[in-house]
Peer 1: 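What follows is a single structure, and I will ask about it in a moment.
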2 protein chains.
Amino acid sequence: MEKEVTIYDIAKRLNYSPATVSRALNDHPAIRSDTKDVITSMARQMGYRSNTFASNLRRQRTNTIGVIVPRLNSNFMSCALAGMEKVANEAGYNLIISQSLESARKEKANAKTMFDSRVDGLLVSVSYDTEDIEHFDDFINKGVPLLFFDRVIEHNQCPSIVIDNVKAGYEATTHLLEQGCTRLMHVTGNLKRNVYADRLKGYRMALQDRDIHYEKQLVLETDLSQEAGVEAARQLMAFPHRPDGLFVTNDLCAVTCMGQLKKAGLSIPADVAVVGFNNDPVSQVVEPNLTTIHYPGREMGEIAVKSLINHLNGLMDMQTTNTIILRSELIIRASSLKKAH
Amino acid sequence: MEKEVTIYDIAKRLNYSPATVSRALNDHPAIRSDTKDVITSMARQMGYRSNTFASNLRRQRTNTIGVIVPRLNSNFMSCALAGMEKVANEAGYNLIISQSLESARKEKANAKTMFDSRVDGLLVSVSYDTEDIEHFDDFINKGVPLLFFDRVIEHNQCPSIVIDNVKAGYEATTHLLEQGCTRLMHVTGNLKRNVYADRLKGYRMALQDRDIHYEKQLVLETDLSQEAGVEAARQLMAFPHRPDGLFVTNDLCAVTCMGQLKKAGLSIPADVAVVGFNNDPVSQVVEPNLTTIHYPGREMGEIAVKSLINHLNGLMDMQTTNTIILRSELIIRASSLKKAH
DNA sequence: TTTTTTTCTGCAACCGATTGCAAATTTAAA
DNA sequence: TTTAAATTTGCAATCGGTTGCAGAAAAAAA
């Protein structure tokens, strides 16, 4: 285990002061360029590596971005994280990722850890049962940029990155209606969360635009798990006047539900047309293939990190940008096609 | 933006030395317990938070674990990461995650970053085209514990966490043979990687045990993408003597392949019985449901981090443990059931 | 050649916690 | 009461870069 090389070692070896070495390695303009060359090449030769802690300690900066998500093992989230990691990595930032597991309590604990780790910025998609965001006040007070994505919470200091969930919900619903559905069931998540509330709003608007009466009983608020899909199928079939269309805001839940319906002898889309959400790989595997909304996870992750880093570098002020809306898209597949095209 | 409280502030306020405060906050035995009480409560009252960098700088430790994976958006990997994050978080460690995107070059760059970030330990699942592991020598030389999981590389200094891939391959193959298949195609990944090589070994052993001649042409080495699934189906159908069994070492690839076969009019499992690998959610969605190997991603992640932390705390020596093998399991579903049970 | 301006470089303090060693205090033993 | 032992606490150096400020050196202008 050899000793670590420091700028002092380099300085002594070349007869410069540590200050000069430091500046040379950081490409400071006050250092002549041939001096820089000598120093950097000697640094390489001696196997020098910068000590991040000393640097962080002094500069009060960590080059680290914190990410708090509900859970990281969903297709959408892992794509978003993949995008984040890529951009962060290229910009020389590290990512510290933690999951709240849908619990506000754990989210709070994670926020504290992130704060203590002194992340330069924080990206958050809030948990199911997060009510307030006091636990992020520390960041706001300290001027640490905070950015919400996907599941966001309105806050005038923090920008959000989302898709237009109202529009997506509207399109999904409209599509089902255009296919001739007359009675649409809607299975969604916790309506405290913008993503689900907005999609519901879109659903209602679409109904309204066609003068279809909104029935509260047709909206099922669930945890969108696979079990919820089973339960949704049960409820759907229990209706005296059975719905002929189904809009589920999660693909995995939707396909599980579809499976149950098929098992019960219903035909998709003839008896029940189905639309999911997220464009998860399962949507192209299930039979019939699932119509769904393409949710740009990777892009969302990339843009979130890009915005944060631009802000940190003073290239952009996040306070002025309030919301970034990404394009989503209805992908029509067999599960909803009652009419031939 | 208030000023940060340091142990000096606490010391001054209580008329102790910073040293005493430091020790008190770290529960050092040399501090009387009522002194500790006074100090900790004052720390809380003043809103003190420890400065990790100063501490890291001094202690030459970071409480951070690095993770390098091929990509983080697969079901298996995101489950493994979820497990890692959970355990690490509970033990007060942070995770820095980066992905090699299956490129040895990027893996090297990531390793360097991790090394410079001075992670306390490193968990690695190697990329497709990693040939050597010289880029991890720095860690080994410096005594930073390095642990491989899933896609591992033999190294007498580094333990591995895996499942028994040979056995899994053997069981999958045997199961197909028991169902009456006589000619088995095997679609797998880069055979440089232990996971695929071992599964192939299991496949061959199973054939041998039943005196079935091994045909090289029946083994397809691919990147296991969905496109590879399409291509596999094409090749399967092109055989004059068409295989009646198919063992694909990845569920997503398997289901895509199945889709193609069905589209071509073949019936599953009657014409071709199929077994996948990983127990991805899609396996329970596709029709017929896919027989597969359950791969304990979450457990693998948890155990990986647990082992690393135990080693770091001196509770366990990783040098002596060479390999940890987790239990995997064949899950039999309809896609391979030719015989009724 | 002298003066002014510009470009480089170094000094030294600082970031905040940790820890070996010694001194001070308390407690126990003589 | 004195001495020895055990328990607490503090001093000061240390970890390794960073940066304001001042001074030296070099270049440009007078």
Side-chain angles (χ1 to χ4, degrees), chain A residues 1-40 42-44 46-64 92 115-120 142, chain B residues 1-40 42-44 46-64 92 115-120 142:
Chain A
M1 207 193 286
E2 342 77 90
K3 265 278 279 307
E4 208 59 64
V5 178
T6 71
I7 52 169
Y8 296 94
D9 301 326
I10 302 176
K12 203 173 296 168
R13 182 81 155 268
L14 291 174
N15 236 1
Y16 276 116
S17 80
T20 303
V21 174
S22 169
R23 284 194 259 255
L25 293 173
N26 286 306
D27 209 18
H28 191 287
I31 306 293
R32 217 192 309 139
S33 73
D34 46 338
T35 309
K36 278 180 196 164
D37 291 344
V38 173
I39 291 178
T40 48
M42 174 56 80
R44 194 175 2 260
M46 295 175 71
Y48 167 81
R49 62 170 176 161
S50 161
N51 185 318
T52 331
F53 308 119
S55 168
N56 285 344
L57 175 58
R58 190 62 232 262
R59 296 189 309 146
Q60 308 282 36
R61 235 190 166 226
T62 67
N63 266 56
T64 299
F115 191 61
D116 288 346
S117 314
R118 287 173 165 68
V119 293
D120 289 342
K142 252 218 148 38
Chain B
M1 205 193 287
E2 347 67 276
K3 266 277 281 306
E4 208 59 64
V5 178
T6 72
I7 51 170
Y8 297 94
D9 301 326
I10 301 176
K12 205 172 296 167
R13 182 80 157 267
L14 291 175
N15 238 357
Y16 278 114
S17 79
T20 304
V21 175
S22 169
R23 284 193 260 254
L25 293 173
N26 287 306
D27 209 18
H28 191 285
I31 306 292
R32 217 191 310 140
S33 72
D34 46 338
T35 310
K36 278 180 196 165
D37 291 344
V38 173
I39 291 178
T40 47
M42 175 56 80
R44 198 180 352 266
M46 295 174 71
Y48 167 81
R49 61 170 176 161
S50 160
N51 185 318
T52 330
F53 308 118
S55 169
N56 285 345
L57 174 58
R58 190 62 231 265
R59 298 189 307 145
Q60 308 280 40
R61 227 181 172 237
T62 67
N63 267 56
T64 298
F115 191 61
D116 287 347
S117 311
R118 288 173 164 69
V119 294
D120 289 342
K142 253 221 147 41

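Side chains included, hydrogens not; waters and symmetry mates left out as well; all remaining heavy atoms used. In what follows, every chain begins at residue 1, and chains take the letters A, B, ... in the order their sequences are listed.
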Peer 1: B:Thr64: what forms a side chain to side chain donor-acceptor pair (under 3.5 Å) with it, not counting sequence neighbours?
Peer 2: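 Checked B:Thr64 against side chain to side chain donor-acceptor pair (under 3.5 Å); zero matches.
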Peer 1: May I ask you to list the residues of residues 32-39 of chain B, by number, that have any heavy atom positioned under 4.0 Å from an atom of DNA chain D?
Peer 2: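 Heavy-atom cutoff 4.0 Å gives B:Arg32, B:Thr35.
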Peer 1: Nearest 0.5 angstrom please: B:Asn56 CG to A:Thr52 OG1, how far?
Peer 2: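 That separation rounds to 9.5 Å.
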Peer 1: Say you draw a straight line from CZ of A:Phe53 to CD of B:Gln60; how long is it, rounded to the nearest 0.5 Å?
Peer 2: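 Atom-to-atom, A:Phe53:CZ and B:Gln60:CD are 8.5 Å apart.
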Peer 1: B:Asn51 has an atom CG; how far is it from atom P of D:dG17, in whole Å?
Peer 2: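 These atoms are roughly 17 Å apart.
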Peer 1: What pairs of residues pass the salt bridge (Lys or Arg N to Asp or Glu O under 4.0 Å) test when at least one of them lies in residues 7-18 of chain B, not counting sequence neighbours?
Peer 2: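 Residue pairs with at least one partner in residues 7-18 of chain B: there are none.
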Peer 1: Rounding to an integer number of Å, can you tell me how far A:Ile7 CD1 sits from C:dC14 P?
Peer 2: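 That distance rounds to 18 Å.
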Peer 1: Taking only residues two or more places apart in sequence, or in another chain, which ones meet A:Thr20 in a side chain to side chain donor-acceptor pair (under 3.5 Å)?
Peer 2: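 By the side chain to side chain donor-acceptor pair (under 3.5 Å) rule, A:Thr20 matches A:Ser17.
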Peer 1: Please list, in numerical order, the residues of residues 53-63 of chain A that have a heavy atom closer than 4.0 Å to any atom of DNA chain C.
Peer 2: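 Under 4.0 Å from DNA chain C: A:Leu57, A:Arg58, A:Gln60.
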Peer 1: B:Asp27 CG to D:dT9 P: how many Å, rounded?
Peer 2: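 Between P of D:dT9 and CG of B:Asp27: 14 Å.
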Peer 1: In whole Å, what is the span from the CD1 atom of B:Ile10 to the C1' atom of C:dA17?
Peer 2: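 That distance rounds to 11 Å.
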Peer 1: Which residues pass the salt bridge (charged side-chain N to carboxylate O under 4.0 Å, His left out) test with B:Asp37, not counting sequence neighbours?
Peer 2: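 Applying salt bridge (charged side-chain N to carboxylate O under 4.0 Å, His left out) to B:Asp37 gives none.
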Peer 1: Could you list the residues that satisfy salt bridge (charged side-chain N to carboxylate O under 4.0 Å, His left out) with B:Arg32, not counting sequence neighbours?
Peer 2: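 So B:Arg32 forms a salt bridge (charged side-chain N to carboxylate O under 4.0 Å, His left out) with B:Asp34.
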Peer 1: Between the side chain of A:Thr40 and the main-chain N/O of A:Lys36, is any donor-acceptor distance below 3.5 Å?
Peer 2: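 Side chain of A:Thr40 to backbone of A:Lys36: a pair is present.
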Peer 1: Dump the pairs, protein N or O against N or O of nucleotides 23-25 of chain D, anything under 3.5 Å, distances to one decimal.
Peer 2:
none

Peer 1: Enter the distance from A:Ile10:CD1 to A:Asn15:CG here, rounded to the nearest 0.5 Å.
Peer 2: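 The CD1 atom of A:Ile10 sits 14.0 Å away from the CG atom of A:Asn15.
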Peer 1: Can you list the residues that meet the side chain to side chain donor-acceptor pair (under 3.5 Å) rule with A:Thr62, with sequence neighbours excluded?
Peer 2: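 Listed in chain order: A:Asp120.
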Peer 1: Heavy atoms, side chains only, cut-off 4.5 Å: are B:Tyr16 and B:Thr35 in contact?
Peer 2: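 B:Tyr16 reaches B:Thr35 side chain to side chain.
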Peer 1: Using a 3.5 Å limit on both distances, find every run of at least three consecutive Watson-Crick or G-U pairs that involves DNA chain D.
Peer 2: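 C:1-30 with D:1-30 - these are the stems of 3 or more pairs that involve DNA chain D.
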Peer 1: From B:Arg23 CZ over to B:Leu25 CG, what is the distance, rounded to the nearest 0.5 angstrom?
Peer 2: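 Spacing of CZ (B:Arg23) from CG (B:Leu25) equals 12.0 Å.
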Peer 1: What is the distance, rounded to the nearest whole Å, between atom CE of A:Met46 and atom P of D:dG16?
Peer 2: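 After rounding, the gap between these two atoms is 13 Å.
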Peer 1: Could you check how far NE2 of B:His28 sits from P of C:dT19, rounded to whole Å?
Peer 2: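 The distance from NE2 of B:His28 to P of C:dT19 comes to 8 Å, rounded to the nearest Å.
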Peer 1: Sub-3.5 Å donor-acceptor pair from the side chain of A:Asn26 to the main-chain atoms of A:His28, do we have one?
Peer 2: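 A pair under 3.5 Å: no.
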Peer 1: Using modelled atom types and a 3.5 Å cut-off, is there a donor and acceptor pairing between side-chain atoms of A:Ser117 and backbone atoms of A:Val119?
Peer 2: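 Answer holds: no.
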Peer 1: Under 4.0 Å, heavy atom to any atom of DNA chain D: which of residues 11-24 of chain A qualify?
Peer 2: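 Listed by number, they are A:Ala19, A:Ser22, A:Arg23.
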Peer 1: Has B:Tyr48 got a side-chain N or O lying under 4.0 Å from the OP1 or OP2 atom of C:dA17?
Peer 2: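 So the side chain of B:Tyr48 is within the cut-off, an N or O lying under 4.0 Å from OP1 or OP2 of C:dA17.
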Peer 1: For side chain to side chain contact (heavy atoms under 4.5 Å, CB included), just list the numbers for A:Ile39 and A:Leu14, CA-CA rounded to whole Å, side-chain angles, deciding distance to a tenth of an Å, and then say yes or no.
Peer 2: CA-CA 8 Å; A:Ile39 291 178; A:Leu14 291 174; 4.0 Å; yes
Peer 1: By salt bridge (charged side-chain N to carboxylate O under 4.0 Å, His left out), which residues pair with B:Arg118, not counting sequence neighbours?
Peer 2: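 If we apply the salt bridge (charged side-chain N to carboxylate O under 4.0 Å, His left out) test to B:Arg118, skipping adjacent residues, the hits are A:Glu4.
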Peer 1: At under 4.0 Å, does any side-chain N or O of A:Asn26 touch on OP1 or OP2 of D:dG17?
Peer 2: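 No, because none of the side-chain N or O atoms of A:Asn26 sits under 4.0 Å from OP1 or OP2 of D:dG17.
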